[in-house]
2 protein chains.
Amino acid sequence: MATIKQVAERAQVSVATVSRVINETGLVSPDLEQRVRAAMEDLNYYPSALGRGLRRSETMTIGVLIPELDQPFFSALVSSVESALFRQDYRTLVCSAEEDPAREAAYIQILLQQRVDGVIYVPTGQQAGNVSKLRKSSVPVVLVDRDVSTYQVDKVMCDNESGAYEGMSHLIKQGHRRIGVIGGPDYSFAILRRMAGVRRALADAAMPLNSQFLIMGTLQQFELGYQTAMHLLTQPERPTAIFALTDMIAIGVLHTASRLGLHLPGDLSVMGFDDIPLATYSIPELTTVAQPIYEMGALATKLLLARLHDHDRPYEQHILDARLVVRNSVAGAATHDPLLK
Amino acid sequence: MATIKQVAERAQVSVATVSRVINETGLVSPDLEQRVRAAMEDLNYYPSALGRGLRRSETMTIGVLIPELDQPFFSALVSSVESALFRQDYRTLVCSAEEDPAREAAYIQILLQQRVDGVIYVPTGQQAGNVSKLRKSSVPVVLVDRDVSTYQVDKVMCDNESGAYEGMSHLIKQGHRRIGVIGGPDYSFAILRRMAGVRRALADAAMPLNSQFLIMGTLQQFELGYQTAMHLLTQPERPTAIFALTDMIAIGVLHTASRLGLHLPGDLSVMGFDDIPLATYSIPELTTVAQPIYEMGALATKLLLARLHDHDRPYEQHILDARLVVRNSVAGAATHDPLLK
DNA sequence: GTTTAGGGTGTAAACGTTTACATTAAGACG
DNA sequence: CGTCTTAATGTAAACGTTTACACCCTAAAC
């Protein structure tokens, strides 16, 4: 691959001049510029990001470290971040930890070696051990979705608690009294907050907290929804609605309902959380609490780039609203609760 | 961030020695090694990939250039590639062209500047102009999913033609005689091959080719399925089955059926193509022709790395089997064709 | 006692850039 | 005709590695 020196030689100028035309810095006469451009074309030269990065000590590369690329929520997040970064002329180094803390640690080390200018980080698993490794190195980090409160960093999350509150309240307002709630994994910060929102809604409605209906599990999400819904819906006093704390769990619940021959939303109402693309593709379309995924990605990117330009700005913590999106999987309870007839 | 020189200084050795312990190349006495490791720990030093890359002239980074990251098929592909690359100690630079050839061109330039060791490439759009830019630079490339026949590169595709043949034949074997086929976009290589498979199946079954039932469109996939199915299913002699040349199209068809109150697979059979994760999440679960996505990603990675180690090996073209996956969205025709009753 | 072998270590060049600084030439000004 | 600007260009150092080469030392072999 051609180097700047070869270009200089061919154009009969110094490397400095070539560099000047590449970066449009400093003055260079029209005819020389002409010659340089021609030479670059001829040799099909592309300036090396390695040399440049070394000299400038910046790589224009951002690491995006997430628990699992294959999950729709994260792949949407990455997509939005990548898009925003591209617009600002940054590259995206994707790192999927596959829900494995050891692999996450390995990736952190790699990101440090790569000298990425910053990291957008959704921590994996329960422990925050890996976060500290990142922080120790003074790379700018913005934390997304999952909170690790002990560290001073920029944060972008959504209001899981009040989102869940709204979702649950909606179900209650529709007349549901026996509402199953399914969440997991139980160490997830977001899920815990959502559960808290559920409890508050119950309390505000002066409804008792039936612990048989509040289920936490660690299965893979779809499976979790399917299994626990099966358990819930085959009880004598089955719930008339189920609040799945994740859209993927909701999809599992939908399958259970289908298996049991329950018609939605007539026989059972289902509410999800997240609003991944799948939520609009399911039948019936899922009523759910929407996280503003794209907005979160864009905001995280913005915060990160802002910090790159001003290392000492105060840390910001953004908590975006999660809002109820009413579609077709929830209906009023009175009409179809056999126990009320 | 610490440099090798600082580590050397602190450990009271030369940089060469430090480099030797980092890379485990050459001999170094136990006590010196000890000191060096301690110094690295103290300064929390990570060797710079920039310096190393410059010197070794390899970056251990692979570009993955795809049409659109948040399409399930591609995000699954990227996920599989990333996973395979990680295992071989390579990094993944994700580039989503967002179906825009100009943006694709920009990304190619970036990849060249980054001096990636190779590229896994799913071309965007109809023209192959961008491919040549890549080839001119002698970066190893493996082409996935979409063929651009004029160039000598390694290729990984799946057998779209015979996959579609199988899918269509299955429908025919089930007794369907009026089968709608929906595909798009019409410039897509894969879609064209699938259409060819459909035609061959029709011919082999000595069935006439009813052009009213063969629809190509350029809408966004879900929309395409929804709209054209609506058109197809509201005709007087509506099809008893629909072969959607893409799972996302099939999902659109499912929604149309639901809207029209058609029960699946009783009133209508639907067959998809791709077997994205969504295919098992839909209700009913989609009978579809499966592309071995993960296998394709893994194989592409393997071919690319093989070429890195041996630049002159012969080019390979792999055409993986697409196989029919029978689930719940297809049933026999005789039972529910009103015109046969 | 001299040679030899090889383990252990250091020196310095090279990789491809950017950029501070030096240099040149040409015109403006007195 | 000297002096001063200023535009245009070049030189060389620095960024952080790896590695060829040179060197020293110890112990074995003769």
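Lettering of chains follows the sequences in order, A, B, ..., and the numbering in each one begins at 1.
A donor and an acceptor atom, one from each side chain of B:Tyr121 and B:Glu104, are located under 3.5 Å apart.
Checked by atom type and distance alone, the side chain of A:Ser83 never pairs as donor or acceptor with a backbone atom of A:Ser79 at under 3.5 Å. A donor-acceptor contact shorter than 3.5 Å links the side chain of A:Asn160 to the backbone of A:Cys158. For A:Asp274 (side chain) and A:Ile276 (main-chain N/O), no donor-acceptor pair under 3.5 Å exists by modelled atom type. Checked by atom type and distance alone, the side chain of A:Thr59 pairs as donor or acceptor with a backbone atom of A:Arg115 at under 3.5 Å.
Comparing B:Gln12 and B:Gly51 against DNA chain C, the residue whose closest nucleotide sits nearer the 5' end is B:Gln12.
Residues from residues 16-45 of chain B lying near DNA chain C, meaning a heavy-atom separation below 4.0 Å, are B:Ala16, B:Thr17, B:Arg20, B:Leu27, B:Val28, B:Ser29, B:Leu32 in numerical order.
Within a 6.0 Å sphere centred on CD of B:Gln317, other residues, nucleotides and ligands contribute more than 12 heavy atoms.
Boundaries of the chain B contact region on DNA chain C are C:dG7 to C:dT17, first to last in 5' to 3' order (nucleotide atom under 4.0 Å from a heavy atom).
Using a cutoff of 4.0 Å between basic side-chain nitrogens and carboxylate oxygens, A:Arg37 and A:Glu33 are scored as salt-bridged. Salt-bridge check for B:Glu98 with A:Arg87: failed, with every basic side-chain N at 4.0 Å or more from each acidic carboxylate O.
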